[in-house]
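The structure displayed is predicted, hence computed values, not measured ones.
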Amino acid sequence: LAVNKTDLPAKADVSGLTLAEPGVAESTEPVRISALKGWGFKELLEGMKQLAYTKTGTLNYEIIVSERHAAGLRTALDSLSRAREAVRDRTPLEFIASDLRHALDCLGEVTGRQVSTQVLDEIFSRFCIGK
């Protein structure tokens with residue numbers, strides 16, 4: 001939970017806001033940020049990291065926005081695992097590089113930095129775009 005515009009005078013009382021999520025050890029207070037001034041982003045990222053992983057250190061897929069993102073993250077993780085095993089097995093570097101490139105491509109699709117035509121088709125199939 002983030003409260004933005006903390007560089008401006010408060011117009012609402014947010015002192016009682018908390019976020020209690022299943023799987024989160026305790027309720028968390030809102031993170032106060034200012035997008036304009038850049039305040040509070042370190043704390044916001046730390047809070048997001050805490051929510052992104054379970055207590056055992058595995059990725060918490062329940063907080064991911066869409067199934068497409070979850071699938072992309074799973075595939076990227078699989079590719080990274082294959083690359084790590086390939087390094088241990090002294091596999092030729094071009095095979096390791098291929099796994100790493102695949103992981104980067106998957107992450108790029110999740111972050112929006114790289115979008116395949118298949119992903120674009122999937123996204124635009126959900127919207128009615130008039131002429």
Side-chain angles (χ1 to χ4, degrees):
L1 182 59
V3 176
N4 190 22
K5 300 189 180 196
T6 57
D7 56 307
L8 299 175
K11 292 190 176 186
D13 180 15
V14 296
S15 60
L17 291 179
T18 60
L19 177 64
E21 284 289 320
V24 177
E26 55 193 65
S27 296
T28 56
E29 293 294 321
V31 177
R32 298 173 189 280
I33 66 169
S34 168
L36 179 67
K37 304 280 186 179
W39 299 339
F41 282 95
K42 182 178 178 184
E43 294 82 1
L44 180 60
L45 287 174
E46 275 305 310
M48 291 170 69
K49 284 180 189 176
Q50 289 175 6
L51 289 174
Y53 290 93
T54 64
K55 291 179 183 178
T56 61
T58 58
L59 195 57
N60 182 1
Y61 289 105
E62 293 177 13
I63 66 158
I64 298 168
V65 174
S66 73
E67 182 55 38
R68 183 178 62 82
H69 288 169
L73 291 172
R74 284 187 201 105
T75 304
L77 186 59
D78 290 343
S79 294
L80 290 173
S81 296
R82 278 193 309 275
R84 182 173 40 187
E85 287 177 26
V87 168
R88 284 188 205 137
D89 296 342
R90 299 184 189 277
T91 302
L93 293 177
E94 57 268 15
F95 294 106
I96 298 169
S98 175
D99 284 329
L100 293 175
R101 169 54 51 200
H102 188 248
L104 282 172
D105 289 345
C106 291
L107 292 174
E109 289 184 8
V110 171
T111 63
R113 291 190 177 189
Q114 177 175 333
V115 181
S116 70
T117 55
Q118 179 182 0
V119 170
L120 287 175
D121 289 343
E122 181 184 333
I123 292 170
F124 287 111
S125 72
R126 298 179 186 186
F127 297 98
C128 177
I129 300 174
K131 295 181 180 182

Quiz item: In the hydrophobic cluster built from side-chain contacts under 4.5 Å, what are the other members alongside Leu80?
Solution: Val87, Leu93, Ile96, Leu100
Quiz item: Who are the salt bridge (Lys or Arg N to Asp or Glu O under 4.0 Å) partners of Glu43, not counting sequence neighbours?
Solution: none
Self-check item: Qualifying residues under side-chain hydrogen bond (donor to acceptor under 3.5 Å, both in side chains), relative to Asp89, sequence neighbours excluded
Solution: none
Quiz item: Hey, what do you get for CG (Asn4) to CG (Leu44), rounding to the nearest 0.5 Å?
Solution: 9.5 Å
Quiz item: Mind checking what makes side chain to side chain contact (heavy atoms under 4.5 Å, CB included) contact with Pro9, not counting sequence neighbours?
Solution: none
Exercise. Enumerate the residue pairs fulfilling salt bridge (charged side-chain N to carboxylate O under 4.0 Å, His left out) with a member in residues 76-88, sequence neighbours excluded, ordered by first and then second residue.
Key: Arg82-Asp99
Quiz item: Which hydrophobic side chains are connected to Leu8, either touching it within the sub-4.5 Å cutoff or through other members that do?
Solution: none
Quiz item: Where do Cys106 and Gly72 come nearest, in terms of heavy atoms and distance?
Solution: CB-O, 3.5 Å
Quiz item: Counting N and O atoms only, with roles assigned by atom type, does the side chain of Ser98 sit under 3.5 Å from a partner on the main chain of Glu94, one being a donor and the other an acceptor?
Solution: no
Quiz item: Who passes side-chain hydrogen bond (donor to acceptor under 3.5 Å, both in side chains) against Thr6, sequence neighbours left out?
Solution: none
Cut-off 3.5 Å, no hydrogens considered: what does the side-chain donor-acceptor table look like for residues 32-40, sequence neighbours left out?
unit_1, atom_1, unit_2, atom_2, d
Ser34, OG, Asp7, OD1, 2.9
Ser34, OG, Lys37, N, 3.0

Practice problem: Run through the side-chain heavy atoms of Ile, Leu, Val, Met, Phe, Trp and Tyr, join any pair under 4.5 Å, and report what else lands in Phe95's cluster. | Solution: none
